[in-house]
Amino acid sequence: MKYIAIIPARYASTRFPGKPLAVLGGKTVIQRVYEQVSSILPEVYVATDDERIFTAVEAFGGRAVMTRSDHKSGTDRIQEAVEKTATDADVIINVQGDEPFIQPSQVETLMHLFDDASTQIGTLGKPFESLEAVMNPNSPKIVTDVRGFALYFSRSVIPFIRGVGEHEWFDHYPFLKHLGVYAYRRNVLAEVTRLPQSSLEKAESLEQLRWLQNGYRIRVGLTDVETVGIDTPEDLERAELFLANIK
């Protein structure tokens with residue numbers, strides 16, 4: 001199996017414009033993501049629609065590919081990058097450009113999901129650490145079948161624990177948090193990017209529900225590693241503290 005990682009990175013973020021070029025511990029966020037992923041995979045690209053990001057990636061020795069600015073999702077941007085790089089990789093790994101602390105072990109977990117030929121799409125889940133975190137609608141939840149394939153993703157708390165007070169739910173079920181990193185077989189990536197938005201995707205604003213609703217199978221790998229995604233300037237401050245604690 002041959003793998004390639006593509007990191008989508010946009011400049012025009014609503015909550016944090018220029019986020020990929022924000023400096024974290026002396027390096028840009030996009031450089032930190034790139035270096036984390038390239039420590040485990042030899043073929044890594046940043047897919048961007050902005051010359052500033054493209055130039056910054058090349059400046060630190062990374063590889064970048066320019067893509068259109070009208071993509072509706074990072075998945076669409078990745079598919080264009082796959083076409084432009086003409087890669088012959090069997091599996092494409094999608095690492096978000098705002099995850100500077102993604103760990104090599106997490107990338108390896110994704111890769112091993114494809115040892116099973118029935119895996120079409122892979123992603124990661126991590127056990128929640130508190131009921132408060134479970135209740136957060138910005139942290140999607142996953143339920144899986146006995147083989148580890150996703151049954152559903154939701155911003156609501158799933159499953160509902162019947163007959164138990166809500167304050168006791170955390171003691172009765174191992175709630176699973178979705179981490180937004182994906183991997184796709186190359187032909188599957190091409191197929192899912194041609195699908196129209198689905199009703200479940202629109203309802204929950206979760207792109208992966210489009211794939212489930214159209215019958216694709218998403219296998220969930222488990223990790224105990226917490227990442228610190230950066231969506232806002234406040235997140236960057238938290239990331240600086242996280243980095244200082246690591247050091």
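What you see below is based on every heavy atom in this structure, not just the backbone, and it leaves out hydrogens, waters and symmetry mates.
Taking the side chain as every heavy atom from C-beta outward, Q197 and R210 approach each other to under 4.5 Å. Two residues are said to be in side-chain contact when any heavy atoms from C-beta on lie closer than 4.5 Å; I30 and V46 meet this criterion. Side-chain contact between Y182 and I93 is absent, with no heavy-atom pair separated by less than 4.5 Å.
T123 and Q208 form no side-chain donor-acceptor contact under 3.5 Å, judged by distance and modelled atom types alone. D116 and S118 share a donor-acceptor pair across their side chains, judged by distance under 3.5 Å alone.
Ring geometry for F175 against F170 counts as parallel: the plane angle stays under 30°, on a 0 to 90° scale with 60° as the upper cut.
A distance below 6.0 Å separates the ring centres of W211 and Y184.
Among residues two or more places apart in sequence or in another chain, the ring-ring contact (aromatic ring centres under 6.0 Å, His included) test is passed with F149 by none.
Both tests do not hold together for R32 against F101: distance to the six-membered ring centre under 6.0 Å, angle to the ring axis within 45°.
Panel note: side chain E43, backbone A5; no donor-acceptor pair is recorded below 3.5 Å.
Using a 4.0 Å cut-off between charged nitrogen and carboxylate oxygen, K84 and E80 count as a salt-bridge pair. Between D98 and K19 a salt bridge is recorded (basic side-chain N to carboxylate O distance below 4.0 Å).
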